[in-house]
K.L.:
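Take a look at the following structure, please.
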Amino acid sequence: MTVDYNPQAIEPKWQQKWADDQLYQVKDDDPRPKFYALTMFPYTSGDLHIGHWYAMAPADVHARFKRMQGYNVLHPMGFDAFGLPAENAAIKRSIHPFIWTMQNVDNMRRQLRSIGAIYDWSREVVTCLPDYYKWTEWFFLKLYEAGLAYRGKAPVNWCPRCQTVLANEQVLDGGFCERCGATVSQRDLEQWFFRITKYADELLEYKDTIWSKRVKTMQRNWIGKSQGAEISFALDHPSAAEKEIRVFTTRPDTTFGVTFMVLAPEHSLVAKLATPDKKTEVEDYIAQSRRLSEIERLSTEKEKDGVFIGTYCLNRLNGEKVPIWIADYVLLSYGTGAVMGVPAHDERDFTFARKYNLPIPVVIAPPDWSDEELAEAYTGPGTMVNSDQFNGLPYQQGMEAVCDWLEEKGWGKRAITYRLRDWLISRQRYWGAPIPIVYCDKCGIVPVPEKDLPVLLPEDAEFKPTGESPLKYHEQFVNTTCPRCSAPAKRETDTMDTFMCSNWYFLRYTSPGCDTAAFDANKVKYWMPIDIYTGGAEHAVMHLLYSRFFSKAIRDMGLVDFDEPFQHMFNQGIIIAEKQKMSKSRGNVITPDDYVSEVGADTIRTYLMFLAPWEQGGEWDDSGISGISRWLNRIWNLVLGNYHPQEKINLDTKQKATRELSRTTHQTIKKVTEDLGRLHFNTMVAALMEFTNYLGKVKEAQAVTTLDWEESIDTLLRLLSPTTPHLTEELWQKTGREYSIHNQSWPVWDEALAKDEEITLVVQVNGKVRDRITVPASITEDEARQLAPDRPKIKPYLTDKTVTKVIYVPGKLVNLVMR
RNA sequence: GCCGAAGUGGCGGAAUGGUAGACGCGGCAGUCUCAAAAACUGUUGGGAGGCAACUCCCGUGUCGGUUCGAGUCCGACCUUCGGCACCA
């Protein structure tokens, strides 16, 4: 009578019906409490691989669970659609980036539908469409108005052959361009920046959020807050107006140990201070370091070298003359671009001093130090020596004392620096949101008025492999009139970093199709902040940091009222294949489509959740899928096979079986509910497997009534429905229940019914398990203590010994301790 | 080098300081079949003893420690993975 479980027939059927019925359409005016469950939207690379499923299927299960628990759940999906690969494809295969991207969107949308998730597609966001990027541009203008977007000169990676700027990630080890292999150099270019550093301190806070320590640490490292002092060294040189060089140090207590000063080669003072006899040497060194990429310059392998520029400054603390050097290990962009060299107490300064025979005086005494020379830099704690009035102070107190002294004398002050730099958002690319700025000879930088947005990407741009933005050569795009004075003017031809698009996509989901604003403020107020955000940890310091900054920036403009956009951030692990991360370039991509047509979406969903803890991920190995297929088949047969209770059965057996069934059912509800709440999907599936195995035995025993049996099947299907939405919908219908299972409520367990009646009491002797006794759960401590020593297995251990102590753990064990 | 996470059967993994190995894969044995596959049932950490029910010993990367009791807590080390890497 039963048809076999055939996911290939069931899954498309229900997906179609759910879509036709708009079963998963989300309302904003729902009286139930809201729950915003967001999963990172995919980049439109062309195909979804099994790693995407790993991100999305468990997230969907959790969202479905919350939905059944009575929340109004928003679990949307969209596409991160601007970016470099589209443009590279355009150049390589002469296909327009828009066509390429939208083809990918169509394919990926089809793949995403096959997962069987509760995505409300009427809220879909595609970042490369004008009705979206119009508002990306609008946010740029807001940031500009707020003084958070500015144009500045910055040293960037420059490929001389491609004639373009490269992001750090596009520079290969050794400083080669990833596209053409040319040696990348440094160049100063006018670029647009967002002032993320203004929020550095608040970005370290994570007010009221649940984030993993791992990601927080990564962001903290990236922000790199350092406390110390800025110290002024006196300068007296005829060709420089400046009378000082300022340095930043985290160790003001070591200032008496300064034996040289190092400036970054690009430092503005270098040209003024270099003496004529050193000029050639200095210029050569600067040229040499300019050729290196920043990545290469910062390589720890590179030997520290530098050039003395012939001039001295003065250490005001001890009145000593300090020679000024330049070296490329000092970065212009960090601190003041100048460093005081304290070779005795800094490893880099130590090797530098060794190389150039500079003195290495000790000013912080290591423990048991007796005036000998150091074999290596000593960076640990110690007492100040050779430091005049500060001698004898422990180094922490020394820092404070030196800072007080500096501030009193006006020679310096306490200071904080960050590793974090302002966010460079200019990209010399076509396929991104245009930066809505016009350059006018008379008015200078003029923002495009809001009413003229969007600045549209011209469709007929030419994609020649010049390595330059096609916009630069598009006359109609570039040439415009100044919005302020109407004189001829030129448009900005750079586009924005795509991370700007993903800064606000989660706001757009709340207000699909809103054409009068980026979002409907009321709806954002209702849905935000996001209750749970899940995605890969590879975005820890890019997207997740940028969008936190962005949220704080628009909060300060009064556009939104939350401090943190992502209340609970969860990073799932990655699925690797052939011991490597899956990627197109490695050619080890696992396509879910084949598996969908072979075993069905429900099986893949379940398998991905079962294979490991979600935060851990693991190797893709399809040999285990059969276990899931078998299990779902067993469920199919278990639910559809007729149940026949035995007529003549003894009442006691019947009662016992009924109680046991009810207890196990409630225990399972509890376990599954708790595991889902904690995103422990693997153990949740295991619990459901155990429950199924148990129900198989119940069915064979035929001891419970049909009604009790049906109730347990009802619970099983509900508990299973987030995990295998198609299978359970089919079984729900086939057993005559009311459509749809996905509108049913989540089962609730009764703690009293879930309680065990009998427990296994473990008897230990000196901590080793020697016996197990089945006892009523209600056993008292006295009963347990009395029971244990009388057990035949325990008695032999007790002869000739005295029990000195008995440990009792309620419901668990009795431990007899003796000598 | 620094920071973070993790090391448990043949494999993926499970275990609020309290029965190590749940659940699944694989293996082995069986049922069905002419046979095989599929499916189903049983069994499965290692070792020793016993006809047997069973009993004992060892066992969670290594070495110590805390504790009546440690996979779990503490210290040192080893290995793997991830991140940062001259940030003054």
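Letters A, B, ... are given to chains in the order of the sequence lines, protein chains preceding strands, and every chain is numbered from 1.
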K.L.:
Atom NZ of A:K768 and atom P of B:A20: how far apart are they, to the nearest Å?
P.N.:
11 Å
K.L.:
Once you apply a heavy-atom cut-off of 4.0 Å, does A:Y797 come out as touching a base, just sugar-phosphate, or nothing?
P.N.:
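Sugar-phosphate, no base atom in range.
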K.L.:
Which dot-bracket string fits RNA chain B when only Watson-Crick or G-U wobble pairs with both atom distances under 3.5 Å count, crossing pairs get [ ], and | stands for a partner on a different strand?
P.N.:
(((((((..(((.....[....)))((((((.......))))))(((((....)))))..(((((..]....))))))))))))....
K.L.:
Hey, what are the protein-to-nucleotides 69-75 of chain B N/O distances that come in under 3.5 Å?
P.N.:
none

K.L.:
Picking from B:C23, B:G24, B:C56, which would you name as closest to the side chain of A:R770?
P.N.:
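Looking only at side-chain atoms, A:R770 lies closest to B:C56.
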K.L.:
Could you please spell out the steps behind the side-chain contact (heavy atoms from CB on, under 4.5 Å) verdict for A:E690 and A:K671?
P.N.:
CA-CA 11 Å; A:E690 279 183 83; A:K671 171 76 176 153; over 6 Å; no
K.L.:
Under 3.5 Å, is there a donor-acceptor pair between the side chain of A:N766 and the main chain of A:M818?
P.N.:
yes
K.L.:
Have A:D756 and A:Q667 got a donor and an acceptor in their side chains that come within less than 3.5 Å?
P.N.:
yes
K.L.:
Say you pick atom P in B:C40 and the same atom in B:C63; how far apart are they, in whole Å?
P.N.:
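Those two atoms are separated by 43 Å.
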K.L.:
Looking just at side-chain N and O atoms, do A:Y329 and A:R348 make a donor-acceptor pair shorter than 3.5 Å?
P.N.:
no
K.L.:
Using whole Å, what does the distance between atom P of nucleotide B:C40 and atom CH2 of A:W636 come to?
P.N.:
16 Å
K.L.:
Roughly how far apart, to the nearest Å, are B:A70 and B:G61 at atom P?
P.N.:
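The same atom, P, in both gives a distance of 15 Å.
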K.L.:
Check every strand shown and say whether A:R630 touches a base, only sugar-phosphate, or nothing at a heavy-atom separation below 4.0 Å.
P.N.:
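Result for A:R630 = sugar-phosphate.
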K.L.:
If you check the A:A686 side chain, which of B:C23, B:C25, B:C86 turns out closest?
P.N.:
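Of B:C23, B:C25, B:C86, B:C23 is nearest to the side chain of A:A686.
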K.L.:
Within this structure, what is the CG-to-C1' distance between A:L688 and B:A22, rounded to whole angstrom?
P.N.:
14 Å
K.L.:
Grab the two heavy atoms, one from A:H539 and one from A:M40, that are nearest each other, plus how far apart they are.
P.N.:
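Looking at all heavy atoms of both residues, the closest pair is ND1-SD, 3.4 Å.
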K.L.:
What does A:T760 touch in the nucleic acid at a heavy-atom separation under 4.0 angstrom: a base, only the sugar-phosphate, or nothing?
P.N.:
base
K.L.:
What pairs with A:R220 under side chain to side chain contact (heavy atoms under 4.5 Å, CB included), at least two apart in sequence or on another chain?
P.N.:
A:L204, A:Y206, A:K216
K.L.:
By the rule that syn is within 90° of 0, classify the base conformation of B:G75 as syn or anti.
P.N.:
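Anti, angle beyond 90° from zero.
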K.L.:
In whole Å, what is the span from the CG atom of A:L632 to the P atom of B:C25?
P.N.:
12 Å
K.L.:
In whole angstrom, give the distance that lies between atom CZ of A:R251 and atom P of B:C86.
P.N.:
20 Å
K.L.:
Is there a side-chain contact (heavy atoms from CB on, under 4.5 Å) between A:H543 and A:E538 once you walk through the steps?
P.N.:
CA-CA 9 Å; A:H543 164 58; A:E538 66 271 20; over 6 Å; no
K.L.:
Can you tell me if A:S226 touches the phosphate of B:A88, counting only side-chain N or O atoms and a distance under 4.0 Å to OP1 or OP2?
P.N.:
yes
K.L.:
If you check every side-chain atom of A:V817, which of B:G4, B:C87, B:C68 has the closest atom?
P.N.:
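The answer is B:C68, which lies nearest to the side chain.
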K.L.:
Are any of A:R419's side-chain N or O atoms less than 4.0 Å away from OP1 or OP2 of B:A85?
P.N.:
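Yes, because at least one side-chain N or O of A:R419 sits under 4.0 Å from OP1 or OP2 of B:A85.
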K.L.:
Any ring-ring contact (aromatic ring centres under 6.0 Å, His included) pairs touching residues 664-690 of chain A, not counting sequence neighbours?
P.N.:
A:W614-A:F681
K.L.:
Hey, does the side-chain of A:K304 have a donor or acceptor N/O within less than 3.5 Å of a partner on the base of B:C86?
P.N.:
yes
K.L.:
In this structure, how many angstroms lie between the P atom of B:C87 and the CG atom of A:N221, rounded?
P.N.:
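These atoms are roughly 13 Å apart.
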K.L.:
If we take the C1' atom in both B:C11 and B:C84, what is their distance in whole Å?
P.N.:
34 Å
K.L.:
Could you measure the distance from the CD1 atom of A:I779 to the CD1 atom of A:I773? Nearest 0.5 Å is fine.
P.N.:
7.0 Å
K.L.:
Decide yes or no on side chain to side chain donor-acceptor pair (under 3.5 Å) for A:W749 and A:T673, but give the supporting numbers first.
P.N.:
CA-CA 9 Å; A:W749 78 91; A:T673 306; over 6 Å; no
K.L.:
Does this structure show an ion pair linking A:K198 with A:D422, if we count only N-O contacts that are shorter than 4.0 Å?
P.N.:
no
K.L.:
Whole angstroms only, please: what is the CD-P distance between A:E690 and B:G21?
P.N.:
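One finds 13 Å between P of B:G21 and CD of A:E690, rounded.
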K.L.:
Using only side-chain N and O atoms of A:N693, determine if any of them is under 4.0 Å from OP1 or OP2 of B:G24.
P.N.:
yes
K.L.:
Taking only nitrogen or oxygen atoms into account, show me every contact under 3.5 Å that the protein makes with nucleotides 11-16 of chain B, one pair per line with its distance.
P.N.:
residue : atom : partner : partner atom : Å
B:G12   : O2'  : A:L611  : O            : 2.4
B:G13   : OP1  : A:Q616  : NE2          : 2.3
B:G13   : O3'  : A:N682  : ND2          : 3.4
B:A14   : OP1  : A:N682  : ND2          : 2.9

K.L.:
A:Y5 and A:N637: side-chain donor and acceptor closer than 3.5 Å?
P.N.:
no
K.L.:
Just how far, in rounded Å, is P of B:G82 from CD1 of A:I574?
P.N.:
7 Å
K.L.:
What distance separates A:T534 OG1 from A:L679 CG, expressed to the nearest 0.5 Å?
P.N.:
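Going from the OG1 atom of A:T534 to the CG atom of A:L679 covers 8.5 Å.
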K.L.:
Is the shortest side-chain N to carboxylate O distance from A:E376 to A:R354 below 4.0 Å?
P.N.:
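Salt bridge absent between A:E376 and A:R354.
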K.L.:
For atom P, what is the distance between B:C81 and B:G13, given to the nearest Å?
P.N.:
16 Å
K.L.:
Could you measure between the two P atoms, the one in B:A15 and the one in B:G21, and give it in whole Å?
P.N.:
13 Å
K.L.:
Could you go step by step and tell me if A:W211 and A:L544 meet the side-chain contact (heavy atoms from CB on, under 4.5 Å) rule?
P.N.:
CA-CA 11 Å; A:W211 279 49; A:L544 289 175; 4.0 Å; yes
K.L.:
Is the cationic atom of A:R419 (NZ for Lys, CZ for Arg) positioned less than 6.0 Å from the six-membered ring centroid of A:W222 and within 45 degrees of its normal?
P.N.:
yes
K.L.:
Mapping A:K213 and A:T250 to their closest nucleotides on RNA chain B, which lands nearer the 5' end?
P.N.:
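Nearer the 5' end of the strand: A:K213.
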K.L.:
Hey, are A:R678 and A:E674 close enough for a salt bridge, meaning a charged N less than 4.0 Å from a carboxylate O?
P.N.:
no
K.L.:
Could you give the distance separating B:C2 and B:G71 at their P atoms, to the nearest angstrom?
P.N.:
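So the two P atoms sit 30 Å from each other.
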K.L.:
Pick the C1' atom in B:C57 and in B:G7, then give their distance to the nearest Å.
P.N.:
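Taking atom C1' in both B:C57 and B:G7, they lie 26 Å apart.
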K.L.:
Please compare A:A338 and A:R634 by the position of their nearest nucleotide in RNA chain B and report the one closer to 5'.
P.N.:
A:R634
K.L.:
What residues in residues 340-354 of chain A put a non-hydrogen atom under 4.0 Å from any atom of RNA chain B?
P.N.:
A:R348
K.L.:
Using the P atom as the reference point in each nucleotide, state the distance between B:G18 and B:U72 in Å, no decimals.
P.N.:
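The answer is 11 Å between these two P atoms.
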